[in-house]
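Here the structure comes first, spelled out in structure tokens, and everything after it is commentary.
Values reported hereafter were calculated over all heavy atoms of this structure, with side chains retained and with hydrogens, waters and symmetry mates removed. In what follows, chains carry the letters A, B, and so on, assigned in the order in which the sequence lines appear, proteins first and then strands, with residues in each chain numbered from 1. Quick caveat: nothing in here was measured; it's all calculated off a predicted structure.
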Amino acid sequence: MGKKTNYQVIYEVVNRIPAGKVATYGQIAMLAGIPGQARQVGYALHRLPSQTSIPWQRVINSKGRISFAEGSAIWNMQKVILQSEGIQFDRTNTISLRKYQWKP
DNA sequence: CTCGTGACGGTAT
DNA sequence: TATACCGCCACGA
């Protein structure tokens with residue numbers, strides 16, 4: 001039996017985030033068993049194919065902000081999808097973790 | 001093998 | 001409050 005790679009575990013955790021909720025990179029790293037390695041989570045999501053069923057858009061940074069350059073095409077896409085799932089952004093494009101952070 | 005990179009994050013200044 | 005530093009480590013050149 002091949003042991004699971006960190007990526008596989010990361011994807012499994014991200015898959016559990018329900019629509020209408022978000023999780024931080026650091027939180028996913030912790031839940032995936034690689035605490036302190038938030039960057040690995042970002043890299044794992046970065047490698048996902050463009051058409052994936054994994055809800056990558058539900059992972060944001062610890063400040064409650066989308067980790068792409070504000071105004072970029074990918075940034076806009078992530079924001080639109082999250083809004084369609086019921087997530088509200090404030091006037092500085094920040095998401096309230098208090099209200100929307102996933103608590104498994 | 002070494003080196004630069006990065007969808008991060010906590011701490012220091 | 002904002003910016004700067006690093007620690008972290010898999011990946012690819």
Any side-chain donor near an acceptor of the partner, A:Asn6 and A:Gln40, under 3.5 Å: no
At a heavy-atom distance below 4.0 Å, what parts of residues 69-92 of chain A sit against DNA chain B? none
Test side chain to side chain donor-acceptor pair (under 3.5 Å), reference A:Glu70, set A:Thr92, A:Asn93, A:Asn76, output is A:Asn93
Over how many whole Å does the gap from [X] atom [atom1] to [N] atom [atom2] extend?
X: A:Ile34; N: C:dC8; atom1: CD1; atom2: P; result: 14 Å
X: A:Ile66; N: B:dG9; atom1: CD1; atom2: P; result: 14 Å
X: A:Lys63; N: C:dA2; atom1: NZ; atom2: P; result: 10 Å
X: A:Arg39; N: C:dC5; atom1: CZ; atom2: C1'; result: 12 Å
X: A:His46; N: B:dC8; atom1: NE2; atom2: P; result: 11 Å
X: A:Ile17; N: B:dA7; atom1: CD1; atom2: P; result: 18 Å
X: A:Tyr7; N: C:dA10; atom1: OH; atom2: P; result: 9 Å
X: A:Ile54; N: B:dA7; atom1: CD1; atom2: C1'; result: 14 Å

On a heavy-atom basis, which atom in [X] and which in [Y] lie closest, and how many Å separate them?
X: A:Ala29; Y: A:Ala38; value: CB-N, 3.9 Å
X: A:Tyr7; Y: A:Tyr43; value: OH-CD2, 3.0 Å
X: A:Tyr100; Y: A:Gly20; value: CD2-O, 3.6 Å

Is [X] close enough to [N] that one of its side-chain N or O atoms is under 4.0 Å from OP1 or OP2 there?
X: A:Tyr25; N: B:dG6; value: no
X: A:Arg47; N: C:dG12; value: yes
X: A:Ser67; N: B:dC8; value: yes

Using a heavy-atom cut-off of 4.0 Å across all strands, would you classify A:Gly36 as base, sugar-phosphate, or nothing? nothing
Remember a base hit wins even if backbone is also touched, and classify A:Gln40 as base, sugar-phosphate or nothing at under 4.0 Å, heavy atoms.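 Base contact.
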Tell me the salt bridge (Lys or Arg N to Asp or Glu O under 4.0 Å) pairs involving residues 25-50 of chain A, sequence neighbours left out?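 Sorted result for residues 25-50 of chain A: empty, none.
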Residues two or more places apart in sequence or in another chain: which of them pass side-chain contact (heavy atoms from CB on, under 4.5 Å) with A:Gln27? A:Ala23, A:Thr24, A:Leu31, A:Gln101, A:Trp102, A:Pro104
Return the nearest nucleotide to the side chain of A:Gln37; candidates are B:dG9, B:dA7, C:dC8. C:dC8
I'd like to know if A:Tyr43 reaches the base of C:dA10 with its side chain, counting only an N/O donor and acceptor under 3.5 Å.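 For A:Tyr43, whose side chain was compared with the base of C:dA10, there is no donor-acceptor pair (under 3.5 Å).
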